[in-house]
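First comes the structure, then the notes that go with it.
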Amino acid sequence: MSQDVIAKIAGEELTQEDFNNFLKKIPPEQRAYAENPQTKDMIMDQFYAMYLFAQLGRDEKLDETEEYKTLLNEMKRELLSQLAMAKTAEGVTVSDDEIKKFYDANKLMFGKGEAVQAKHILVDEEADANEIKASIENGKITFEEAAKAHSKCPSKEAGGDLGRFERGQMVLPFEEAAFAAEIGAITGPVKTNFGYHLIKVEEKFDAESKSFDDMKGEIKNQLLQQKIGTVFNKKLDELKAKYIEK
């Protein structure tokens, strides 16, 4: 056997290129094991098994059964379909000008708005909110302890923590108070349709935007898929008119 031939099964020579093609078809996480001496033999056994069982199928004349012929026809149809779709998409490209134009027109999509991270306590009565606020400011109880003890919002289990939120995600009176509040100060009571809120802002975040260079690849893929979809749909309409019998 030549150096490139790694095995010979029932007269068929298997080459390193055959093995490399086999590796391309297995999951990436398993493919990495082929470089590990401890697991390379296991991957190689899987490679040999494909040819060995195929030979067994030929010996038992499974390739002459109706089941085999049906499966083969289905695989041929699927392969032809994939090749035809790939050919349909040939030549579909996206220019740098198209990418830049899309980025400039949709900059709000490529960033994060101004945000705050805040906790709150929600109660039904303003008097209760004021009493709880006084207890916190007097050091009798922490904000988080008061949230767990008195808040009617499910966030009470996390000490009132609402996490990070941007403008437009909370009801307007709550949002305005939260974004205007000083970090660490107790703001409120703030009335909303849900009741009365005490708010404690933990952190504030300025608006961020991703640069064109950061987003170029993602935008290109998005526009490319849109173009390919348009081409496919046009071709599909043509094929329906050509091949579907009415």
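Position 1 is the first residue of the sequence, and the numbers go up from there.
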Residue pair [X] / [Y], side-chain heavy-atom distance below 4.5 Å:
{"X": "K119", "Y": "E144", "result": "yes"}
{"X": "Y68", "Y": "L71", "result": "no"}
{"X": "N193", "Y": "V171", "result": "no"}
{"X": "D96", "Y": "E98", "result": "no"}
{"X": "I186", "Y": "F143", "result": "yes"}
{"X": "E176", "Y": "L172", "result": "yes"}
{"X": "D206", "Y": "E114", "result": "no"}
{"X": "V116", "Y": "F179", "result": "yes"}

Are [X] and [Y] grouped together when hydrophobic residues (ILVMFWY) are joined by side-chain heavy atoms under 4.5 angstrom apart?
{"X": "M50", "Y": "Y48", "answer": "yes"}
{"X": "M109", "Y": "Y103", "answer": "yes"}
{"X": "L52", "Y": "I26", "answer": "yes"}
{"X": "I121", "Y": "L162", "answer": "no"}
{"X": "L236", "Y": "V92", "answer": "no"}

Test item: [X] side-chain N/O and [Y] main-chain N/O as donor-acceptor pair under 3.5 Å:
{"X": "E145", "Y": "T142", "value": "yes"}
{"X": "K234", "Y": "G229", "value": "no"}
{"X": "K156", "Y": "A149", "value": "no"}

Which pair of heavy atoms, one from [X] and one from [Y], lies closest together, and at what distance?
{"X": "L14", "Y": "Y51", "result": "CD2-CE2, 3.4 Å"}
{"X": "V201", "Y": "A181", "result": "CG2-CB, 3.8 Å"}
{"X": "R58", "Y": "D63", "result": "CG-OD2, 4.1 Å"}
{"X": "H197", "Y": "L122", "result": "CE1-CD1, 3.5 Å"}
{"X": "R164", "Y": "F205", "result": "NH1-CD2, 3.3 Å"}
{"X": "A129", "Y": "P189", "result": "CB-CG, 3.6 Å"}

Can you check side-chain contact (heavy atoms from CB on, under 4.5 Å) on I141 and S135, steps first, answer last? CA-CA 6 Å; I141 191 171; S135 296; 3.9 Å; yes

Could you check whether atom [atom1] of [X] has more than 12 heavy atoms from other residues, nucleotides or ligands sitting under 6.0 Å from it?
{"X": "K140", "atom1": "NZ", "result": "no"}
{"X": "E131", "atom1": "CD", "result": "no"}
{"X": "Q55", "atom1": "CD", "result": "yes"}
{"X": "K220", "atom1": "NZ", "result": "no"}
{"X": "K148", "atom1": "NZ", "result": "no"}
{"X": "Q222", "atom1": "CD", "result": "yes"}

About how many Å separate [atom2] of [Y] and [atom1] of [X], when rounded to the nearest 0.5 Å?
{"X": "L223", "Y": "E218", "atom1": "CG", "atom2": "CD", "result": "10.5 Å"}
{"X": "K133", "Y": "I199", "atom1": "NZ", "atom2": "CD1", "result": "10.0 Å"}
{"X": "F47", "Y": "M44", "atom1": "CZ", "atom2": "CE", "result": "7.0 Å"}
{"X": "L80", "Y": "M75", "atom1": "CG", "atom2": "CE", "result": "12.0 Å"}
{"X": "H150", "Y": "L198", "atom1": "NE2", "atom2": "CG", "result": "10.5 Å"}
{"X": "F165", "Y": "Q117", "atom1": "CZ", "atom2": "CD", "result": "9.5 Å"}

Salt bridge or not for [X] and [Y], using N-O below 4.0 Å?
{"X": "D104", "Y": "K100", "result": "yes"}
{"X": "R167", "Y": "E175", "result": "yes"}
{"X": "E202", "Y": "K200", "result": "yes"}
{"X": "E166", "Y": "K112", "result": "no"}

Under a plain distance cut-off of 3.5 Å, with no hydrogens placed, do [Y] and [X] share a side-chain donor-acceptor pair?
{"X": "E67", "Y": "T70", "value": "no"}
{"X": "H120", "Y": "S151", "value": "no"}
{"X": "T15", "Y": "D18", "value": "yes"}
{"X": "D214", "Y": "S211", "value": "yes"}

Let's go through T88 and F232 carefully: what are the C-alpha distance in whole Å and the side-chain angles of both, what is the deciding distance for side-chain contact (heavy atoms from CB on, under 4.5 Å) to 0.1 Å, and is it a yes or a no? CA-CA 7 Å; T88 300; F232 277 168; 3.7 Å; yes

Begin with the C-alpha distance, continue with both residues' side-chain angles, and end with the deciding distance and a verdict on side-chain contact (heavy atoms from CB on, under 4.5 Å) for Q226 and T230. CA-CA 6 Å; Q226 289 177 356; T230 300; 5.6 Å; no

Taking salt bridge (charged side-chain N to carboxylate O under 4.0 Å, His left out) as the test, write out the residues that go with E238, two or more places apart. K235

Passes side-chain contact (heavy atoms from CB on, under 4.5 Å), Y196 versus N130? Steps please. CA-CA 10 Å; Y196 291 86; N130 282 321; over 6 Å; no

